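FYI, side chains are in, hydrogens and waters are out, and symmetry mates aren't considered; it's all heavy atoms of this structure. Numbers restart at 1 for each chain; the letters A, B, ... are given by sequence-line order, proteins then strands. Here the structure is a predicted model, which is why all the values come from computation and not from measurement.
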Amino acid sequence: MSKSTPFVLKTWKEMPIGGIISEPKTSLYNKTGNWRALKPVLNKDKCIRCLLCWTHCPEPAIIRLDDDYVSIDYDYCKGCGICANVCPVHAIEMVMEE
Amino acid sequence: MYVSVKATPIKSLKELPRTEQFAPGHRLCAGCGIPQVVRFALKAVPDPKVVVNATGCLEVATTIFPYTSWGVPWVHVAFENAAAVASGIEAAFRVLSKKYGTKKPKIIVFGGDGGTFDIGFQALSGALERGHDLIYICYDNEAYMNTGIQRSGATPKGASTTTSPAGKAVPGKMERKKNLIEIAIAHGIKYAATMNPAFPIDMYNKIVKAANTPGPTVLHYFTPCPTGWYFDPSRSIEIARLAVQTRIWPLYEYEDGKIRITVPVKDPKPVEDYFKLQGRFRHLLEPENKWLLDEIKRDIEENWNRLLKLAEQK
Amino acid sequence: MMGKRVGMNGDRAVAFAAKQAKVDVISAYPITPQTIIVETLAEYVNNGELDAAFIPVESEHSALSAAIGASLAGARVFTATSSQGLALMWEILWIAAGLRAPIVMAMGNRALSPNINIHCSHDDAYAARDTGWLQLFAENVQEAYDLTLLAFKIAEDHRVLLPTIVNLDGFILTHAAEGLYVLDDKDVDSFLPPRKPVNPIDPDNPKTYGPLDFTDWYMEHRKIWYDTYPNVPQVIKEAFAEYEKLTGRRYVQIKTFNAEDADKAIVILGSSAGTARYAARKLKEKGQNMAVISLTQYRPFPRKELRTILEKFDVVAVLDRSLSFGSPGNQLFMDVATSLYNAKKKPLLVNVVYGLGGRDFTPRHVEQVYQLMEEVQKRGEAPEEPVWVGLREA
Amino acid sequence: MEREFYEVRWHGRGGQGVVTSSELLALAALKEGKHVYHAPEFGPERRGAPVRAYTRIGNVPLELHSGIYEPDIVVVIDPSMQNEPFIFAGLKKNGTLVINAKTPSEKVLENVKNLGLNLWIVDAYKIAMEVFGRPFYNTPMLGALVKASNIVNLDSVLSAVSERFSKDSKIAQLNVLAIKRAYEEVKKYE
């Protein structure tokens with residue numbers, strides 16, 4: 001999901017008119033993972049694939065995998081803790097960011 | 001004739017489409033409730049679609065040049081006119097599809113409570129009256145959060161905001177919240193509903209119904225706001241759920257001329273459970289404000305009973 | 001090729017032009033003296049003579065908002081307003097221009113409140129002067145028609161892509177019937193083929209329109225936008241030339257009358273230019289020479305061209321049908337003065353206020369302005385404050 | 001040398017078709033290749049209030065866009081207005097006054113004498129009641145004006161009127177009839 005190469009801003013002479021952003025989803029260049037103070041850690045063994053964490057993630061930084069397990073995209077996770085809170089089986093734990 | 005691809009309801013979260021047309025990397029607060037309705041709307045409403053956004057949290061945080069979170073055409077013009085801008089886009093595509101065979105997209109409008117209840121109210125009313133084919137989604141975080149938590153016409157009674165601060169003489173906002181859905185229904189629209197992120201399937205299927213309804217529809221979404229309501233961001237969904245369980249935020253829909261409560265609440269939880277988690281309401285639990293708390297409780301009961309009556313009408 | 005001669009008032013002529021331009025979307029709110037335009041267009045649409053969406057919005061603010069939405073979607077869009085309506089749109093005017101939505105708007109020029117007045121002033125045109133809209137001024141009904149067609153041509157040109165206002169004086173032109181030549185539909189079709197939008201809303205190619213700029217990009221966006229305006233006159237000239245070929249009617253950015261012979265000139269906008277020329281001809285019969293300079297192209301302001309024309313005069317009277325309270329001069333005066341500031345030789349400049357709120361502007365007033373210029377010429381000094389003509393005195 | 005233009009001022013009351021008459025006159029002149037400027041005077045437009053309209057008809061393109069203050073011709077559509085001082089205001093010496101009346105009032109005759117006016121009288125009320133069954137004076141007064149002034153040809157007026165009312169041929173026919181009758185019946189006051 002993430003875009004790894006840094007977003008190179010054009011000079012004003014090459015910018016599109018009308019102030020538009022002509023590419024979709026360029027926010028992927030904007031890694032909000034560095035906002036995080038607490039980090040969700042997933043214990044896959046406990047996961048029951050209910051998808052509640054994926055459903056409620058505001059970024060979304062929870063990635064739904066093909067088998068309906070999930071993984072956390074730390075590039076974007078702001079560490080809000082919703083996922084840990086909604087998880088019915090406590091498979092996600094919030095820990096201090098190192 | 002309006003909708004070429006039907007939106008499909010779901011029974012479980014497993015059926016939620018995987019596609020994400022809303023990208024991370026936006027600058028909404030950690031724990032913000034807004035993205036869920038955005039993600040759901042983009043999943044539920046089939047392509048082609050266009051999003052129109054009023055000025056507000058969602059707009060400023062998701063489209064900071066040159067970063068956009070949007071994977072669909074997204075248009076922002078100003079604060080009070082999202083419904084009017086959407087009207088123009090809808091009308092244009094109606095003509096262009098007739099003249100040149102251009103595909104006619106469904107229009108989704110997102111406005112906050114400020115952009116919907118207050119400054120954008122006239123434009124919304126006009127668009128509903130004219131019958132444009134659009135889904136209007138109000139994400140209601142119950143105050144002007146984008147400018148720093150000022151009261152709106154959607155701020156509930158008792159809430160403390162920066163322009164209705166809980167003081168000794170006046171303990172917060174003294175006025176009740178406008179009833180957006182009933183106002184919307186009064187325009188003669190075909191579908192309207194309230195939504196809450198803690199009830200995702202209910203919410204998704206309401207967006208599906210709106211998508212499959214020709215003409216204007218209005219969806220009123222409860223958006224927990226950790227910043228403006230003063231609570232721990234991890235508790236967003238918990239608080240949202242409590243709003244329903246206390247009957248503060250009834251989940252219902254208006255369809256075929258009838259109101260139906262979609263999530264019945266037989267034994268409501270005490271409103272204190274909801275209030276005590278949020279800084280904006282904490283003063284209501286002080287002894288000197290008991291009169292206000294009692295009044296709010298009466299209001300909630302009155303609203304609920306009124307809704308029950310409306311729902312009983314056949 | 002002149003087209004058919006018909007009699008119409010200014011509003012109907014504008015509506016007829018918009019119909020011939022095959023606009024896709026009309027989004028407008030009625031306001032006197034523009035109302036006949038939207039009524040006529042609504043009639044065209046409801047009678048099946050025009051295949052367009054007519055959005056009967058609930059305010060001018062929404063009129064322009066919907067027009068922007070429609071324009072971004074790629075439609076050819078028309079709206080119309082006056083005075084208070086323009087004032088209500090004001091916030092959105094900037095956005096229409098900045099988002100590069102080539103909307104055409106007819107403006108039946110009307111005075112702003114208070115006191116409420118439905119007649120002609122140029123308050124509304126001036127109120128839009130900084131917003132990035134191009135502005136053309138019609139002198140008569142024929143011009144109102146022609147300039148409406150030309151406005152689409154200019155606005156939608158890919159070198160321009162800016163919304164354009166066609167000004168026509170309230171009542172004096174909006175409600176006055178004159179003879180005019182209208183083109184055959186097929187000639188309009190060849191002059192104005194369907195719009196080819198740049199970056200229209202396209203679900204297959206999603207773009208973000210109207211994002212937020214922080215301090216890091218706002219200035220650059222303004223620069224791109226600002227730099228468009230020097231290119232506009234060339235497009236206007238080309239459009240005028242093509243139109244002349246088609247119709248035989250010649251348009252220029254700045255109209256000059258008697259400029260060769262005179263050492264005094266008045267600069268004026270709108271229908272009063274004709275009245276001024278009529279009066280100048282009468283004065284000339286008496287041996288009193290005065291040039292009349294009127295602007296068809298008001299925004300972008302033809303600074304250089306005007307300077308070249310005005311440099312040679314001893315005295316220039318700039319006539320404003322509006323007031324800019326507390327300013328160094330009224331609106332057109334400030335434009336003209338600025339244009340002349342770096343001229344090698346400068347005429348003495350007099351600001352004249354006339355015709356506010358529909359106060360009739362007659363040849364007698366023009367004579368008064370001429371006499372004023374003579375006095376200024378003799379004195380070698382211009383009055384500090386604007387001079388009012390047509391005011392009730394004692 | 002032929003005059004650049006002629007100016008007509010119309011008086012009547014709101015709802016009497018004052019503006020329509022002026023516009024029809026302009027359209028008729030246009031048919032003859034002339035240049036025209038027709039402008040209604042707009043005050044608070046209320047049924048019954050005195051209103052006026054201006055028609056300027058030119059042999060050359062008209063650039064003058066001001067109102068009309070010294071008309072060559074004044075037409076008073078409303079029969080109750082012949083004593084109003086404003087109908088004489090600015091009317092040129094030896095100009096033409098066309099009124100809707102059975103007989104001219106003292107006041108009218110006094111002005112006719114002082115200004116050396118050509119006065120034309122027609123009982124448009126009678127014509128209107130007989131033709132339309134209702135007091136529609138404006139088109140008959142247009143017919144009277146044509147006879148009194150020769151400013152345009154009757155045929156041009158009839159053609160302009162037929163076009164204007166083409167949606168309802170019955171109305172068009174009645175208006176043509178009323179105009180013709182007024183054209184025949186209007187008399188110069190000697």
Taking all atoms of both residues into account, what is the closest heavy-atom pair of B:Pro233 and A:Ile82, and its distance?
O-CG1, 3.4 Å

Rounded to the nearest 0.5 Å, how far apart are SG of B:Cys29 and CH2 of A:Trp35?
7.0 Å

Below 4.5 Å, heavy atoms only, C-beta onward: do A:Ile21 and B:Tyr67 meet side chain to side chain?
no

Spacing of CG belonging to A:Asn30 relative to OG1 belonging to B:Thr62, to within rounding of 0.5 Å:
11.5 Å

Which atom pair, heavy atoms only, marks the closest approach of A:Lys78 to B:Ala30?
CB-CB, 3.9 Å

Donor-acceptor list for residues 85-98 of chain A side chains, cut-off 3.5 Å, not counting sequence neighbours:
unit_1, atom_1, unit_2, atom_2, d
A:Asn85, ND2, B:Ser234, O, 3.2
A:Glu97, OE1, A:Arg36, NE, 2.7
A:Glu97, OE1, A:Arg36, NH2, 3.4

Heavy-atom check, side chain of B:Pro24 versus side chain of A:Leu28, under 4.5 Å
yes

Counting only non-hydrogen atoms closer than 4.5 Å, does B:Tyr204 touch chain A with its backbone (N, CA, C, O), its side chain (CB onward), both, or neither?
neither

Inter-residue atom distance B:Leu16.CG - A:Arg64.CZ, 0.5 Å rounding:
7.0 Å

Minimum heavy-atom separation for B:Pro197 and A:His56, please, with both atom names.
O-CE1, 2.8 Å

B:Lys14 side chain near A:Asp68 side chain, heavy-atom distance below 4.5 Å:
yes

Would you name the heavy atoms of A:Pro58 and B:Cys32 that are closest together and state the gap between them?
CB-O, 3.3 Å

Most chain A-contacting option - heavy-atom pairs closer than 4.5 Å, from B:Arg27, B:Arg18, B:Arg235, B:Gln21:
B:Arg18

Find the one option among B:Val38, B:Ile34, B:Leu13 whose heavy-atom pairs under 4.5 Å with chain A are most numerous.
B:Leu13

Under 4.5 Å from a heavy atom of chain A, the part of B:Arg39 involved
side chain

Taken to the nearest 0.5 Å, the spacing of A:Cys57 SG from B:Gln36 CD works out to 10.0 Å

Can you give me the closest heavy-atom contact between B:Gly31 and A:Cys80, atom names plus distance?
N-CB, 3.1 Å

Answer whether the closest heavy-atom distance between the side chains of B:Phe65 and A:Met15 falls below 4.5 Å.
yes

If you take all heavy atoms of B:Ala23 and A:Pro60, which pair is closest and at what distance?
C-CD, 4.3 Å

